[in-house]
Amino acid sequence: MLEINSITKTYDTNPVLKDITLSLNQGESLGIIGESGSGKSTLARLILGLDSIDEGEIIFQGIRVQHKRNSLKKVRRHVQIVFQDPASSLNPKLPVWKSVVEPLENYPDTIPLFLKEVRNNKELMAGMLFNKVGLSQELLERYPHQLSGGQKQRVAIARGISLQPALLICDEPTSSLDVSVQAQVLNLLKELKRDLNMSYIFISHDLAAVQFMCDQIAVLKNGTLLDMFRTEELFSEIRHDYTKKLVGLALKDIL
């Protein structure tokens, strides 16, 4: 479904990604882990076409991601993102239900299967999306500042799934939430993946969350892909030393 072939990205004179190659199959989840500054979020921006690639190529469902309006519009119909801070991605001047249906307004010809019966009614679509993410209908008319952090992130997830995308990019979706709420959001994302047959790119510095969510794990450091493996191979002796270090730190946090 997604092919990333030898991509390189430099900002000013600072190389952020160096010769990255990886792929993702339909219905699978890829975890991208690494410390701050490793290039994780930059990779997400390149997949979405928000920034241009210096070298290499990204191909999504046979479409080359590039800065051309038609190709980007086709890709973004099938690729959505949930950001780390939901407050910054929701319009503070709108009731949250209007933010949730905004992608559906941008793609009026798109009819997600689970919204088929209500596609012509924005408020009913918002209500069904709220149900999908476990939010009460009473919250539809509220504004972002009237919601908790967990509720705002669920609103952001509702918007992310509104077009029933093939790929949902989750960029540190739980890092700003309380620990108890983090677990609820992770379980919700896992349920939605199964119910809607989506693929995920799950970006995080939390190895335990990545292990829980993903089929494959890619380890980045200073813009370089050091290790990539199936999640069940996380504790293998052949793992890169840096991966072993991350595992050790994760185990230390648990203990």
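Being a predicted model, the structure only gives us computed values, none of them experimental. Side-chain atoms are counted along with the backbone in the values below, which use heavy atoms only and exclude waters and symmetry mates.
A pairwise comparison of heavy atoms in Thr8 and Ile53 identifies O-CG2, 3.9 Å as the closest pair. Counting all heavy atoms, side chain and backbone alike, Leu115 lies closest to Ser162 at CD1-O, 3.7 Å. Here the closest heavy-atom approach between residue Leu48 and residue Leu72 is recorded as O-CD2, 4.0 Å. Among all heavy-atom pairs drawn from Phe114 and Ile161, the shortest one is CZ-O, 3.6 Å. Among all heavy-atom pairs drawn from Lys40 and Ile33, the shortest one is CD-C, 3.8 Å. Residues His78 and Pro165 approach most closely at O-CB, 3.4 Å, considering heavy atoms.
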Just do the side-chain contact (heavy atoms from CB on, under 4.5 Å) check on Leu113 and Gln164 with the steps written out, would you?
-> CA-CA 8 Å; Leu113 291 177; Gln164 198 171 355; 3.8 Å; yes
Take Leu220 and Ile20 through the test side-chain contact (heavy atoms from CB on, under 4.5 Å) and record every step on the way to the result.
-> CA-CA 9 Å; Leu220 291 183; Ile20 303 294; 3.9 Å; yes
Tell me, with the steps shown, if Ile59 and Val65 meet side-chain contact (heavy atoms from CB on, under 4.5 Å).
-> CA-CA 6 Å; Ile59 300 172; Val65 179; over 6 Å; no
Determine, stepwise, if the pair Glu191 / Lys132 fulfils salt bridge (charged side-chain N to carboxylate O under 4.0 Å, His left out).
-> CA-CA 10 Å; Glu191 290 172 9; Lys132 277 282 185 188; over 6 Å; no
Test Met128 against Glu117 for side-chain contact (heavy atoms from CB on, under 4.5 Å), laying out the working first.
-> CA-CA 10 Å; Met128 290 193 71; Glu117 301 301 322; 6.0 Å; no
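Following chains of ILVMFWY side-chain contacts shorter than 4.5 Å, one cannot reach Val101 starting from Tyr143, and the two form parts of different hydrophobic clusters. No single ILVMFWY cluster, assembled from side-chain heavy atoms under 4.5 Å apart, contains both Ile111 and Met198. Both Leu50 and Leu2 are part of a single hydrophobic cluster, where members link through side-chain heavy atoms under 4.5 Å apart. Linking ILVMFWY residues whenever their side-chain heavy atoms come closer than 4.5 Å, directly or via other members, places Phe235 and Leu226 in the same cluster. The cluster map of Ile, Leu, Val, Met, Phe, Trp and Tyr, joined by side-chain heavy atoms under 4.5 Å apart, puts Ile47 and Ile63 in the same cluster.
Two residues are said to be in side-chain contact when any heavy atoms from C-beta on lie closer than 4.5 Å; Val155 and Leu90 meet this criterion. Using a 4.5 Å heavy-atom cutoff, the side chains of Leu129 and Leu104 are in contact. Looking at heavy atoms from C-beta onward, Tyr200 lies out of side-chain contact with Ile169 at the 4.5 angstrom threshold. In this structure the side chain of Leu43 reaches within 4.5 angstrom of the side chain of Ile4, judged on heavy atoms. Side-chain contact between Glu123 and Leu140: absent, with no pair of heavy atoms (C-beta onward) separated by less than 4.5 Å. When side chains are defined from C-beta on, Leu167 counts as touching Leu24, because their heavy atoms get closer than 4.5 Å. Side-chain atoms of Ile58 and Arg64, non-hydrogen and from C-beta on, never get closer than 4.5 Å to each other. At a threshold of 4.5 Å between non-hydrogen side-chain atoms, the residues Pro15 and Asp54 do not count as touching.
Side chain of Arg76 to main chain of Gly49: a donor-acceptor pair is present (N/O by atom type, distance under 3.5 Å, no hydrogens or angles). Checked by atom type and distance alone, the side chain of Arg159 never pairs as donor or acceptor with a backbone atom of Gln80 at under 3.5 Å. Using modelled atom types, one side-chain atom of Ser148 and one backbone atom of Gln151 make a donor-acceptor pair closer than 3.5 Å. Side-chain atoms of Ser89 come within 3.5 Å of backbone N or O of Pro86 as a donor-acceptor pair. The closest donor-acceptor contact from the side chain of Arg194 to the backbone of Leu189 lies at 3.5 Å or more, if one exists at all. When atom types are taken as modelled, the side chain of Asn25 and the backbone of Glu28 share no donor-acceptor pair closer than 3.5 angstrom. A donor-acceptor pair is defined here as one N or O able to donate and one able to accept, closer than 3.5 Å; such a pair exists between the side chain of Gln153 and the backbone of Phe83. Not a single donor-acceptor pair under 3.5 Å links the side chain of Lys193 to the backbone N or O of Ser199. The backbone N or O of Thr174 sits less than 3.5 Å from a side-chain atom of Gln182, completing a donor-acceptor pair. A distance-only check finds no donor-acceptor pair linking the side chain of Arg142 to the backbone of Trp97 [under 3.5 Å].
For the atom pair CD (Glu172) and OG (Ser204), the distance works out to 4.5 Å, reported to the nearest 0.5 Å. Annotation: the span from Ile32 atom CD1 to Asp171 atom CG amounts to 9.0 Å, rounded to 0.5 Å. To the nearest 0.5 Å, atoms CZ (Arg119) and CG (Asp109) are separated by 8.5 Å. In this structure, CD on Gln216 lies 13.5 Å from CG on Leu234, to the nearest 0.5 angstrom. Taken to the nearest 0.5 Å, the CD1 atom of Ile238 stands 8.0 Å off from the CG atom of Asp227. To the nearest 0.5 Å, the span separating CE on Met1 from CG on Leu30 amounts to 9.5 Å.
Between the side chains of Asn91 and Ser99, no donor-acceptor pair is found at a separation under 3.5 Å. There is no side-chain donor-acceptor pair under 3.5 Å between Thr231 and Asp215. Side chain to side chain, Glu35 and His205 fail the donor-acceptor criterion of an N or O pair below 3.5 Å. At a cut-off of 3.5 Å, with distance as the only test, a side-chain donor of Gln84 or Ser175 sits close to an acceptor on the other residue. Using modelled atom types and a 3.5 Å distance limit, the side chains of Asn131 and Gln137 yield a donor-acceptor pair. A donor-acceptor contact under 3.5 angstrom links the side chains of Asn5 and Glu57, judged on distance only.
More than 12 heavy atoms of other shown residues, nucleotides or ligands fall within 6.0 angstrom of atom NZ in Lys18. Heavy atoms from other residues, nucleotides or ligands lying under 6.0 Å from CD of Glu138 number 12 at most. Crowding of Lys74 atom NZ: a count of heavy atoms from other residues, nucleotides or ligands under 6.0 Å not exceeding 12. Residue Lys245 qualifies as open at atom NZ: its count of foreign heavy atoms under 6.0 Å is 12 or below.
For Lys73 and Tyr107, the positive end sits near the middle of the six-membered ring, less than 6.0 Å away and at most 45° from its axis.
Of the charged side-chain nitrogens involved, none lies within less than 4.0 Å of a carboxylate oxygen, so that Asp51 and Lys9 do not count as a salt-bridged pair.
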